[in-house]
2 protein chains.
Amino acid sequence: MNKVDPTLIQDLKAFAGLEQGELERVLDQAHSSLFAKGDAFFREGERAQRFFVLLDGFLQVVRTTENGEQVIMRHFAPGEVFGIAPALNRDTYPASALAVADCVALHWPNKCWQEFANEVPRFVQNAHGAVGERLNDSQDRIVEMATEQVERRVARAVARLVKQAGKPSERGIRIDMPISRQDIAEMSGTTLHTVSRIFSSWADQGLVAVGRQKIEVLSAHKLVTIAEGH
Amino acid sequence: MNKVDPTLIQDLKAFAGLEQGELERVLDQAHSSLFAKGDAFFREGERAQRFFVLLDGFLQVVRTTENGEQVIMRHFAPGEVFGIAPALNRDTYPASALAVADCVALHWPNKCWQEFANEVPRFVQNAHGAVGERLNDSQDRIVEMATEQVERRVARAVARLVKQAGKPSERGIRIDMPISRQDIAEMSGTTLHTVSRIFSSWADQGLVAVGRQKIEVLSAHKLVTIAEGH
DNA sequence: TCAACTGTTTGATCTTTAGCAAACATTTCG
DNA sequence: CGAAATGTTTGCTAAAGATCAAACAGTTGA
């Protein structure tokens, strides 16, 4: 690892609060790789040998059922750690991580985890904090799946995407990533047909402008109303 | 903390692999309390001030939605840590923990967490392993809610209960805890009516014997067939 | 430029499951 | 004991969504 400027990096979530020296210590051992859109960082069930921090791009973490249905567990935007099996004493990755756009990621062999725990404890603490948030998010999502109906779940999925990958546009906020109806369906536990119908209805209400793999939110307020129940 | 015999305790999951000395170190700072059936160990949103190990009894962790619906996130049987907010850098409990039977639990003030991390690292590692499993279980459950229909989800909920609280009986396996139809509904994201109908149908097939807050599985094999899809 | 491919929309139908209502059973307690 | 409270069952109805089928639109590439 050589060419990434530490000062560019220090405000990334994964490295929050690290001092210059700690940061260098961590980056010193890092490898940096490119992953093209569609590439897998790792796959479900694979032996976990390294952990990652996303520097640029966007990725999704996906589980596949026995009958081949996919469920998108979550997306990651730059700055976050992922694939941190060693933090959880796991020896395989529990899901697949796929690049949704071209990505740049740092990664370290698992043995670094223990070293960092001793020498750069803040890094490991940040990771545990992230795990806590993810566990919390997962549980929120279980509650959501157990109690909310489809339109609201879809609204929440879109809201999450807006938060993570929304770019201001002339008329509202554009999700800066090609996302299909099928993707939204896999984020909300429904079918692409139902998503399509919901989007059509939202478009009629002027809430979104949609196109092929394109979603632009015209009224974030209305979206939130649907997502949260006024 | 005085009266609990360390040797009785050392095969509990939370303490797995601890040496005698470490175990005494941990138990030394522990408080021990009784919680009667129905009591709350802590409630959702409350400031997290201590972490727990269940010694005896059975508890459920529950989230409540804005409109008062409950979702049972999971149950805990003796031997497991819970309420470990400090392991995840969280300062409030994200859900409520309720005693389903009379319980005995050890607990420590949060400040012990950091001490244990330094002095009894195995204890903290075990906890992180438990977190990993729970995150994995949560994600399984999201996939389940997103892709399986009600009967299967109910079958899985019953199977989980059998695993955690099943006692062999003459005719099969009895869930050794009063569990209502409503409870099962809150574990599987459906209504008590639907659960009741499913149980009636299972009873007709000789798969279970049910009664008021009572579930006895007569054919674990058939249950698994429904839960896993042959 | 046209064909093949991929993603989207929409109608029609069918299934699953929620919601409502009422009866029933079991337990608890005055 | 009898009344109230709590938990369960079941019929009926309605709604939400899945599934099937077909047409359509935008993209890719020979």
Side-chain angles (χ1 to χ4, degrees), chain A residues 37-38 60 65 67-72 100 143-158 161 175 177-205 207-216 226 229, chain B residues 36-38 60 65 67-72 100 144-158 161 175 177-205 207-216 226 229:
Chain A
K37 178 178 168 178
Q60 37 179 223
T65 66
N67 19 312
E69 295 157 293
Q70 289 206 331
V71 178
I72 297 175
V100 175
V143 171
E144 180 182 310
M145 297 287 304
T147 63
E148 311 284 22
Q149 52 194 57
V150 173
E151 186 178 23
R152 180 162 296 177
R153 301 204 308 266
V154 170
R156 294 198 181 178
V158 172
L161 285 173
I175 292 171
M177 210 59 62
I179 301 284
S180 69
R181 305 291 177 270
Q182 178 66 34
D183 291 328
I184 300 286
E186 290 175 3
M187 293 176 71
S188 32
T190 181
T191 62
L192 80 162
H193 305 276
T194 296
V195 173
S196 179
R197 281 179 233 274
I198 289 171
F199 276 17
S200 296
S201 137
W202 288 354
D204 290 348
Q205 298 167 51
L207 197 157
V208 294
V210 293
R212 192 189 173 88
Q213 306 201 112
K214 173 188 136 265
I215 306 168
E216 188 174 7
I226 294 173
Chain B
K37 177 176 167 177
Q60 42 182 220
T65 65
N67 20 313
E69 295 158 292
Q70 289 207 330
V71 178
I72 297 175
V100 174
E144 180 182 312
M145 297 286 303
T147 63
E148 313 283 21
Q149 52 192 58
V150 173
E151 186 177 24
R152 180 160 298 175
R153 301 204 307 266
V154 170
R156 293 197 182 178
V158 172
L161 284 174
I175 292 171
M177 209 59 61
I179 300 284
S180 69
R181 303 291 176 271
Q182 178 67 35
D183 291 328
I184 300 285
E186 290 175 3
M187 292 176 70
S188 30
T190 180
T191 63
L192 82 163
H193 306 275
T194 296
V195 173
S196 179
R197 281 179 234 273
I198 289 171
F199 276 17
S200 296
S201 137
W202 288 354
D204 291 347
Q205 299 166 51
L207 198 158
V208 294
V210 293
R212 193 190 171 86
Q213 306 202 110
K214 174 189 136 266
I215 306 168
E216 190 175 5
I226 295 173

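Just so it is clear, the model here is predicted, and its values are computed rather than measured. Numbers restart at 1 for each chain; the letters A, B, ... are given by sequence-line order, proteins then strands.
- Near DNA chain D, meaning a heavy atom under 4.0 Å away, the residues from residues 148-156 of chain A are A:Gln149, A:Val150.
- Protein chain B touches strand DNA chain C; the 5'-most and 3'-most nucleotides with an atom under 4.0 angstrom of its non-hydrogen atoms are C:dT17 to C:dT27.
- Contacts of A:Glu216 classified as side chain to side chain contact (heavy atoms under 4.5 Å, CB included), with partners at least two apart in sequence or in another chain: A:Ser169, A:Arg171, A:Arg174, A:Ala209, A:Lys214, A:Leu218.
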>> For B:Val154 and B:Thr194: C-alpha separation, side-chain torsions, deciding distance, then whether side chain to side chain contact (heavy atoms under 4.5 Å, CB included) applies.
In response: CA-CA 10 Å; B:Val154 170; B:Thr194 296; 5.9 Å; no

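- Partners of B:Asn67 according to the side chain to side chain contact (heavy atoms under 4.5 Å, CB included) rule, which considers only residues two or more places apart in sequence or in another chain, are B:Thr65, B:Glu69.
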>> One pair to check against side chain to side chain contact (heavy atoms under 4.5 Å, CB included): B:Ile179 and B:Val158. What are the steps and the verdict?
In response: CA-CA 10 Å; B:Ile179 300 284; B:Val158 172; over 6 Å; no

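- Checking side-chain atoms of A:Arg153 against main-chain N and O of A:Ser188 turns up a donor-acceptor pair under 3.5 Å.
- In the helix from C:dT1-D:dA30 to C:dG30-D:dC1, the rotation axis of the first five pairs and that of the last five pairs differ in direction by 30°, rounded to 10 degrees.
- Every side chain to side chain donor-acceptor pair (under 3.5 Å) that B:Ser201 has, sequence neighbours left out, goes to B:Gln205.
- Scanning for side chain to side chain contact (heavy atoms under 4.5 Å, CB included) contacts around A:Arg152 gives A:Glu148, A:Arg156, with sequence neighbours left out.
- When every heavy atom of B:Phe199 is checked against every heavy atom of B:Val208, the shortest pair comes out as O-CG2, 4.1 Å.
- The CZ atom of B:Arg212 sits 10.5 Å away from the CZ atom of B:Arg181 when rounded to the nearest 0.5 Å.
- The one candidate from A:Ile198, A:Val195, A:Thr191 that meets the side chain to side chain contact (heavy atoms under 4.5 Å, CB included) condition with A:Val150 is A:Ile198.
- Between A:Asp183 and A:Val100, the closest side-chain pair of non-hydrogen atoms is not below 4.5 Å.
- Of the residues in residues 191-201 of chain A, those placing a heavy atom less than 4.0 Å from an atom of DNA chain D are A:Thr191, A:His193, A:Thr194, A:Arg197, in numerical order.
- Contact record, A:Lys37 with A:Pro178: NZ-CG, 3.6 Å, taken as the closest heavy-atom pair.
- With contacts defined as side-chain heavy-atom distances shorter than 4.5 Å, the pair A:Met177/A:Leu161 does not qualify.
- Under the side chain to side chain contact (heavy atoms under 4.5 Å, CB included) criterion, A:Ala146 pairs with B:Val71, B:Met145, sequence neighbours left out.
- Contacts between residues 179-188 of chain A and DNA chain C, defined by a heavy-atom separation under 4.0 Å, are made by A:Ser180, A:Arg181.
- Running 5' to 3' along DNA chain D, contacts with non-hydrogen atoms of chain A at under 4.0 Å begin and end at D:dG17 to D:dT27.
- With hydrogens and angles disregarded, no donor-acceptor distance shorter than 3.5 Å links the side chain of A:Ser196 to the backbone of A:Leu192.
- With sequence neighbours excluded, no residue satisfies side chain to side chain donor-acceptor pair (under 3.5 Å) with A:Thr190.
- The structure places CD1 of A:Ile72 at 5.0 Å from CD of A:Glu186, a figure rounded to the nearest 0.5 Å.
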